[in-house]
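A short write-up of the structure that comes next.
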Amino acid sequence: MNVNNGFIAVHVGAGQHSDKLKDKYISLCKEACKKGIEKLIGGGGTLEAVVDATIVLENSEMTNAGYGSNLTFDGKVECDASVMDGSTLHFGAVGAVSGIKNPIVVAKQLCERQRLNISHGRIPPSFLVGSGAKTWADELGIVTIPPNDLISVKAEKVYKHYKRKVEDHSSDIKRVTKKRMDTVGAVCVDNSGNIASACSSGGIILKHSGRVGQAGVWGCGTWAEKGKSSVGVSTTGCGEHLIRTTLARTIAEAISNTECPIMSFHETMKNDFLDSKFLSDLEQKLGGAIAIRYMPDEKVGDLLWSHSTNTMIVGYMNSTEKTAVSHMSLLPESVVGEKAVVEGICFRLSPVQENSES
C-alpha cells in the first residue's frame with residue numbers, strides 16, 4: 001500500500017462560539033482531522049482528504065454547513081461549498097443549493113471533471129447553483145434528500161427567534177451575525193507538496209434566498225497552489241466582506257514566497273482586509289482564515305490562522321500523530337471587527353515511503 005504522509009487543518013468558523021459548547025467543537029475538529037488523515041494514510045490524495053474531513057463537519061448539527069445550516073429569510077437551507085486542487089489548479093463549487101446532504105461532495109465532483117472532454121466542444125461546469133446543481137448531483141448519483149431534512153432543531157429555533165425580532169422591528173441582528181457565521185473548511189498538504197482546500201457554509205442567518213457567499217466563489221473561500229512553496233487557504237466569516245477582498249487568494253499570494261509567513265499574514269489581514277478600500281464603508285469587518293505554507297524541499301511548513309471575530313476554532317494533525325490538536329482562539333470584544341489576531345505552528349513531514357505489499 002502506498003502510504004501518503006501529510007498534514008491537515010480544519011476550522012469550524014470565525015464567529016462567537018458558545019463557551020458551553022467549546023469541548024464539543026474541539027472534539028468535532030479532532031474527529032474531522034482524523035478522518036482526513038486516515039484517507040491520506042490509506043493512499044488517498046489531499047483533495048479526498050479535505051473532502052472527507054469537511055463531510056464530518058457538514059454532518060454535525062453544531063456547524064453552519066450541510067445539516068444544521070442557517071435558514072434563509074423564508075426558512076430554507078441553501079448551501080455553498082467549494083474545493084480547489086493545488087496540483088491541477090482546478091476548482092469546483094456549488095451555491096444556494098438545497099437538498100444535498102454533503103455539498104462539498106458535489107464541489108469535488110465538479111473540480112475533478114474539469115479535465116474531462118464532453119461532446120461538441122462544450123465546457124464542463126465548475127460552478128453550479130440552485131436547482132441546476134441538485135439536478136447535476138442527481139444525475140451523478142450523489143446523495144440528495146428532502147430539503148427540510150437538513151433543518152436541525154437548533155437552526156429552526158434560532159431562525160424563529162431572530163425572524164420574530166426582525167418582523168417586530170425590535171432590534172437589529174448584529175449579535176447573531178457574529179454568532180452564526182460558522183463556515184467550515186479544511187486544508188491538507190502531503191510530503192510532496194500536493195495541496196488542496198475546501199470550504200462549506202450555510203451562509204449568514206436570514207439571508208435572501210439565492211444569496212451565495214464566499215464559500216462558493218473562486219478565490220474567496222478557498223485557494224490551493226502547488227509550487228516551490230505550496231499554499232492552501234480556507235476562509236470564514238461574513239461572505240460579502242470576504243468576496244470584496246478575494247481573501248483566500250490574497251492571503252495565499254502574500255504568504256507563498258516570504259521569509260516570515262506569520263508577519264505577511266498579519267499584514268494582509270490588516271492592509272487587505274481590515275483597512276481594505278473595498279470595505280471602507282463598514283464599521284466592522286468580520287472574517288478569518290486558516291492557511292498552510294509548505295516547503296517540499298525542506299519538508300517543513302507553517303499552519304497559520306487569523307480572525308477578526310470573537311472566536312475561531314481550529315484543529316490540526318500530522319499523519320505521524322495518533323490524535324489531533326484543537327484550539328479556540330480568542331479576540332477581545334472591544335476590538336472585534338477592527339483588529340485581527342494571528343497565530344500558528346510549524347510542522348515537519350517525513351519523506352515519501354516506497355510502495356510495499358500490505
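Counting from 1, the numbers follow the sequence of the chain as shown.
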If you measure from the Lys or Arg side-chain nitrogens to the Asp or Glu carboxylate oxygens, is any gap between K35 and E31 under 4.0 Å?
no
Suppose the criterion is salt bridge (Lys or Arg N to Asp or Glu O under 4.0 Å): which pairs have a residue in residues 68-95, not counting sequence neighbours?
none
Sequence neighbours left out, what passes side chain to side chain donor-acceptor pair (under 3.5 Å) with S60? Give chain and number order.
none
Kindly write out the residues that satisfy side-chain contact (heavy atoms from CB on, under 4.5 Å) with D297, not counting sequence neighbours, or none if the list is empty.
none
Linking Ile, Leu, Val, Met, Phe, Trp and Tyr by side-chain heavy atoms under 4.5 Å, what else ends up with [X]?
X	result
V153	none
L349	F7, V187, V189, I195, I290, I292, Y294, L303, W305, M312, V314, Y316, V325, I345, F347
I123	none
V217	F127, V129, V212, I243

All N/O donor-acceptor pairs, side-chain side in residues 132-146, below 3.5 Å, sequence neighbours left out:
residue, atom, partner, partner atom, Å
T135, OG1, S131, O, 3.0
D138, OD1, T144, OG1, 2.8

For [X], enumerate each residue passing the salt bridge (charged side-chain N to carboxylate O under 4.0 Å, His left out) test, keeping only those at least two apart in sequence or located in another chain.
X	result
K285	none
E48	none
K39	D52
D281	R244

